[in-house]
Amino acid sequence: MAVGVLALQGSFNEHIAVLRRLGVKGVEIRKPEQLQSVTSLIIPGGESTTMAKLADYHNLFPSLREFVKMGKPVWGTCAGLIFLANKASGQKTGGQELVGGLDCTVHRNFFGSQIQSFEAELSVPSIAAKEGGPPTFRGVFIRAPAILEVGPDVEVLADILVPSNKTVDPNSTLDSQEESTGTADKVIVAVKQGNLLGTAFHPELTADTRWHSYFLKMVGEVGEGASSSSIVAVGEEFSFYQPPKIDLPIFQ
Ligand SMILES: NC(=O)CC[C@H](N)C(=O)O
């Protein structure tokens with residue numbers, strides 16, 4: 001079966017394009033019943049409040065929660081990470097619905113507003129160990145969240161140094177940073193908990209496909225015999241690290 005990509009809003013096309021480059025079919029998911037045709041799911045980045053409203057409108061939350069509860073692999077990138085978190089801070093007034101399942105607390109706009117978006121080289125030892133390639137990965141952070149706390153079953157795959165004097169704008173709105181983010185030198189930006197993967201950055205916007213192939217390996221690890229049937233291989237073997245041909249953007 002193919003990999004589902006929640007296609008309500010945000011960078012779902014970019015994820016599908018990377019999957020295609022790896023020889024895997026990505027299927028757009030907009031309705032609850034469409035989840036039955038996929039064995040894994042990517043929840044893309046975008047704007048989590050808008051995405052949550054659309055998910056609610058299409059009555060997707062119960063099915064998404066069921067999908068996670070069944071232990072099917074789900075990867076949330078950026079807004080998708082916020083969706084998967086058990087708890088989010090820095091939400092708009094009234095909050096927003098979450099799918100949950102990932103035992104962590106995420107700050108929605110930890111790094112600030114859209115213009116404070118940035119790129120950074122992240123140390124990714126677990127990814128390099130499994131996928132090969134360089135020990136670092138270029139993280140694209142767009143009005144990105146960060147993971148402030150994780151539960152005991154959560155494996156940290158990447159973190160990033162932030163200035164210890166990072167302060168909170170007292171005039172900021174609830175939507176940006178109304179809460180103290182502490183003085184920690186490091187915040188977590190990529191985690192794995194069982195079959196749930198979360199990244200605060202956007203691997204689908206780079207030419208480095210290792211996070212996608214890492215996720216596809218998680219898909220292959222689900223249940224007995226699920227690996228070959230759950231991945232539609234139409235080209236070269238996805239598991240080999242392919243050195244990036246170009247940097248940004250992915251569309252050539
Ligand atoms: N690039 C992103 O997905 C940004 C997510 C954004 N911080 C939100 O709240 O939804």
Side-chain angles (χ1 to χ4, degrees), residues 5-18 26 28-29 41-58 60-61 64 74-102 104-120 122 137-149 157-160 162 166 168-169 172-181 187-191 196-206 208 211-212 215 248-251:
V5 182
L6 192 66
L8 299 172
Q9 188 263 343
S11 61
F12 57 89
N13 274 323
E14 289 80 353
H15 274 293
I16 291 171
V18 181
E28 293 179 14
I29 303 293
L41 180 71
I42 296 176
I43 305 179
E47 208 287 320
S48 60
T49 315
T50 309
M51 216 185 283
K53 281 184 182 158
L54 289 167
D56 187 39
Y57 179 81
H58 292 286
L60 270 157
F61 276 107
L64 287 170
V74 183
W75 175 18
T77 57
C78 209
L81 162 69
I82 300 169
F83 255 53
L84 281 185
N86 278 348
K87 200 172 159 219
S89 60
Q91 293 173 293
K92 281 184 193 285
T93 314
Q96 71 197 46
E97 220 173 321
L98 303 173
V99 173
L102 193 54
C104 66
T105 303
V106 167
H107 191 292
R108 223 184 114 234
N109 295 323
F110 179 83
F111 296 99
S113 64
Q114 196 79 11
I115 54 164
Q116 283 151 322
S117 299
F118 63 97
E119 292 178 26
L122 303 171
F137 184 92
R138 186 129 194 107
V140 178
F141 292 82
I142 305 173
R143 201 189 182 209
I147 300 159
L148 306 181
E149 286 168 0
L157 299 180
D159 51 28
I160 190 170
V162 292
K166 180 173 166 14
V168 179
D169 176 5
S172 68
T173 62
L174 263 177
D175 188 18
S176 51
Q177 295 197 351
E178 86 290 12
E179 294 171 22
S180 167
T181 49
V187 285
I188 300 164
V189 291
V191 289
L196 301 179
L197 182 65
T199 53
F201 48 93
H202 285 260
E204 79 285 7
L205 299 182
T206 66
D208 188 338
W211 282 95
H212 286 80
F215 180 63
L248 298 171
I250 60 155
F251 291 111

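One-based numbering, in listed order, for ligands and for the atoms of each. Position 1 is the first residue of the sequence; numbering continues from there.
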Taking the six-membered ring for Trp, are Trp75 and His212 parallel (under 30°), tilted (30 to 60°) or perpendicular (over 60°)? perpendicular
Quick check for students: name every N or O atom pair between ligand 1 and the protein closer than 3.5 Å, with distances.
from	atom 1	to	atom 2	distance (Å)
ligand 1	1 (N)	Ile142	O	2.9
ligand 1	1 (N)	His202	NE2	2.8
ligand 1	3 (O)	Gly46	N	2.8
ligand 1	3 (O)	Gly46	O	3.0
ligand 1	3 (O)	Ala79	N	3.0
ligand 1	7 (N)	Arg108	O	2.9
ligand 1	7 (N)	Asn109	OD1	2.5
ligand 1	7 (N)	Arg143	O	2.7
ligand 1	9 (O)	Ser48	OG	3.1
ligand 1	9 (O)	Arg108	NE	2.5
ligand 1	9 (O)	Arg108	NH2	3.1
ligand 1	10 (O)	Ser48	N	2.4
ligand 1	10 (O)	Ser48	OG	2.8

Distance (rounded to the nearest 0.5 Å) between Leu148 CG and Phe110 CZ: 6.0 Å
Is there side-chain contact between Ile43 and Phe12, with at least one heavy-atom pair below 4.5 Å? no
Between Arg108 (side chain only) and Pro145 (backbone N and O only), is there a donor and an acceptor less than 3.5 Å apart? no
For Glu149, is there an ion pair with Lys87 - N to carboxylate O distance below 4.0 angstrom? no
side-chain contact (heavy atoms from CB on, under 4.5 Å) with Leu197: of Val191, Val74, Leu157, Leu102, only one passes, and it is Leu157
